[in-house]
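Everything on this sheet refers to the single structure shown next.
Note that ligands are numbered from 1 as they come in the structure, with each ligand's atoms numbered from 1 the same way.
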Amino acid sequence: MMIIPFHYRRWEAKYEYKFLDCYKKLAITINGETPGPTIIAQQGDTIVVDLKNSLLTENVAIHWHGIRQIGTPWSDGTEGLTQCPSLPGEIHTYKFVVDRAGTFLYHAHYGMQRSAGLYGSIHVSVPNGVTEPFSYDYDKNIILNDWYHQSTYEQATGLSSIPFVWVGEPQSLLIQGRGRYNCSVLSTSSIEAGLCNTTNPDCSPYSMTVVSGKTYRLRISSLTSLSALNFEIEGHNMTVVEADGHYVQPLIIKNLNIYSGETYSVLVKADQDPSRNYWAAVNVIGRQPQTPTGLGIFNYYPNHPLKSPTTTPPTGPLWNDSDYRFAQSLAIKARQGYIDPPPQNSDRVITLLNTQNRIDGYTKWAVNNVSFVFPNTPYLIALKENLTDTFDQSSPPENYDSANYDIYSIAKNPNATYSNGIYRLEFNSTVDIVLQNANTMNANNSETHPWHLHGHDFWVLGYGKGKFDSVNDPKKYNLINPIKKNTVPLHTFGWTALRFQANNPGVWAFHCHIESHFYMGMGVVFEEGVERVGKLPTSIMGCGETKS
Ligand SMILES: O=C1O[C@H]([C@@H](O)CO)C(O)=C1O
């Protein structure tokens with residue numbers, strides 16, 4: 001059979017009532033599904049998606065998470081940065097090449113729209129004739145998510161109100177779009193009105209059927225709005241072999257910590273007593289859990305796929321065991337034979353202090369005291385068309401006053417400022433980013449932030465606890481076999497150091513992947529080589545100064 005290196009998809013995004021955790025809620029579907037259809041392609045293939053916006057009164061944009069968009073920065077799908085949003089009734093065409101094998105994602109990148117369920121997976125297989133450094137019998141896809149009963153609008157309104165209304169912890173955890181809310185806590189009249197229905201097929205538990213003796217590659221990813229998660233299959237170890245599309249030195253673990261925006265492949269051998277089923281369990285870590293364990297079934301053929309094990313489901317590590325999380329992050333290294341060594345030095349170091357702040361009575365997140373706000377005209381268009389009065393031309397700060405800032409205390413002055421200024425990077429330069437965590441505006445509290453970079457993979461040079469020491473910590477960087485990623489956790493009261501090459505012409509977001517945190521300003525924007533970007537398609541225009 002001839003392989004056609006071109007994949008054409010017609011997708012329609014629309015709101016539908018779904019019972020993903022048995023509770024009735026409007027969800028954004030693609031062609032009727034959430035998670036949406038999986039894109040299966042081979043390295044080097046071109047993907048074309050015609051996305052029809054049938055959301056009636058809401059704009060849309062889709063980001064292809066982990067795809068670098070080399071030569072197509074206008075297809076990154078980041079509203080306000082690389083495109084105007086597409087309006088109800090419009091069809092927007094995304095066209096890009098999947099240039100690297102691995103497990104990637106797609107999801108809405110407009111306001112907090114991702115939390116309404118617009119997301120899915122992208123599998124890119126290796127080219128013909130190339131073999132992977134591990135073997136397995138079957139490939140399965142598992143997207144983890146958290147789920148809220150409040151709409152995106154109620155959440156966003158609360159976050160941008162005085163007094164501030166926090167979104168709180170999710171009601172459910174979803175495994176491949178399925179969860180289970182305890183309907184019995186609701187009033188009989190709500191249940192009679194059909195608000196919660198445990199027999200709805202939408203919330204039938206995720207069950208993965210395995211055959212004894214076979215090895216499964218589970219492509220596990222997280223697109224949670226808030227929660228850091230721990231994934232475990234009762235009674236089975238797993239071997240991590242891939243992270244964000246890069247091969248990992250095989251690491252055997254009992255359970256996997258996974259942060260929003262990350263993807264991993266783990267190998268699991270069906271090597272336990274086949275006369276019963278086992279739990280697949282997802283637990284909240286990093287924040288005090290108020291959400292029940294998310295449960296799926298690891299089903300040994302020929303047991304019934306929905307037969308619940310009689311055992312107690314795994315409860316995961318202690319939610320506040322940050323040592324456990326640091327240790328797993330540190331243990332993941334690039335695979336021998338597949339190491340892409342980082343440049344030994346960098347041209348520029350940007351240190352980003354992560355803080356929760358206040359601006360005019362509003363609660364915000366900021367980096368180096370600047371809370372990001374979107375421009376009306378997407379940067380990519382503004383820069384190419386010289387519409388430079390459309391955003392703040394001053395560069396955001398490269399550092400914070402580390403000598404006088406106590407990361408373990410509530411800031412003496414929590415006030416921050418707004419800006420839509422961007423970091424302009426010299427094309428082909430090597431850039432280091434040091435993410436520094438700190439205390440929030442609540443005493444003795446620091447939160448985990450998964451940072452995601454668009455348009456690049458970065459090397460993870462190190463993780464540490466406490467305040468980064470700019471003299472001694474760089475001496476401990478892993479410059480031998482660091483893993484490359486596009487999303488990385490910044491652990492509580494810690495730092496994370498990254499290195500990347502500014503070699504992809506375009507405008508790229510770098511932000512906390514927690515939906516509410518980016519919405520509250522926790523992100524920055526990098527530009528490099530924009531003069532090298534080809535002619536922009538007019539389909540990305542139509543808002544702000546690009547209306548004419
Ligand atoms: O932005 C946030 O607000 C809440 C909390 O700090 C409000 O008190 C929280 O946990 C966040 O991540």
Side-chain angles (χ1 to χ4, degrees), residues 111-115 145-173 222-229 257-262 283-291 318-322 325 352-374 406-418 435-452 487-494 496 511-524:
M112 289 176 54
Q113 200 171 49
R114 190 182 88 219
S115 67
N145 200 4
D146 51 12
W147 195 241
Y148 287 87
H149 293 169
Q150 270 197 340
S151 70
T152 301
Y153 290 100
E154 288 170 283
Q155 293 190 338
T157 304
L159 296 173
S160 43
S161 294
I162 297 176
F164 176 69
V165 184
W166 173 237
V167 297
E169 298 299 314
Q171 278 64 61
S172 308
L173 301 176
S222 170
L223 279 174
T224 52
S225 292
L226 176 69
S227 313
L229 299 176
N257 298 325
I258 182 164
Y259 305 89
S260 182
E262 289 191 307
N283 287 287
V284 170
I285 51 171
R287 304 177 63 96
Q288 185 152 25
Q290 288 167 36
T291 312
L318 281 178
W319 70 270
N320 56 359
D321 187 352
S322 65
R325 300 196 297 276
L352 301 175
L353 176 71
N354 289 222
T355 51
Q356 195 186 31
N357 298 80
R358 202 116 31 223
I359 304 181
D360 302 333
Y362 293 98
T363 301
K364 295 284 163 186
W365 287 88
V367 283
N368 295 345
N369 236 34
V370 175
S371 187
F372 177 73
V373 281
F374 283 87
D406 177 5
I407 64 151
Y408 291 106
S409 304
I410 299 175
K412 288 189 207 105
N413 174 4
N415 292 332
T417 52
Y418 293 117
L435 293 163
Q436 176 67 59
N437 215 335
N439 204 102
T440 63
M441 291 196 292
N442 303 316
N444 303 316
N445 175 244
S446 177
E447 299 184 5
T448 307
H449 302 284
W451 278 82
H452 171 59
T487 306
V488 71
L490 171 60
H491 292 294
T492 51
F493 294 113
T496 300
H511 63 93
C512 177
H513 213 262
I514 291 176
E515 196 76 327
S516 46
H517 288 182
F518 186 39
Y519 183 73
M520 292 161 76
M522 197 170 202
V524 298

Starting from [atom], which protein heavy atom do you reach first, and at what distance in Å?
atom                   : result
atom 4 (C) of ligand 1 : W166 CD2, 3.4 Å
atom 6 (O) of ligand 1 : Q356 NE2, 2.9 Å
atom 7 (C) of ligand 1 : F164 CE2, 3.9 Å
atom 9 (C) of ligand 1 : E447 OE2, 3.3 Å
atom 1 (O) of ligand 1 : W365 NE1, 2.9 Å
atom 8 (O) of ligand 1 : N442 ND2, 3.5 Å

- Query: For the side chain of N354 and the backbone of A366, is there at least one donor-acceptor N/O pair under 3.5 Å apart?
  - Reply: no

- Task: Give a yes or no on whether the backbone of N442 and the side-chain of T440 come within a donor-acceptor separation of less than 3.5 Å.
- Result: yes

- Can the ring centres of Y519 and F374 be said to be less than 6.0 Å apart? no

- Message: Taking the ring of F493 and the ring of Y408, is the distance between their centroids below 6.0 Å?
- Response: yes

- Query: When the ring planes of F518 and F372 are compared, do they come out parallel, tilted or perpendicular, using 30° and 60° as the limits?
  - Reply: parallel

- Under 4.0 Å from one or more heavy atoms of R287, ligand 1 contributes atoms 9 (C), 10 (O), 12 (O)

- Of all the atoms in ligand 1, which lie at a distance below 4.0 Å from a heavy atom belonging to H517? 1 (O), 11 (C), 12 (O)

- Query: What residue among K364, Q356, M522 forms side-chain contact (heavy atoms from CB on, under 4.5 Å) with H517?
  - Reply: M522

- Given that the side chain starts at C-beta and the backbone is N, CA, C, O, which of these parts of M441 lies under 4.0 Å from ligand 1, counting heavy atoms, or is it both or neither? neither

- Query: If you draw a 6.0 Å radius around CG in N444, do more than 12 non-hydrogen atoms from other residues or ligands fall strictly inside?
  - Reply: no

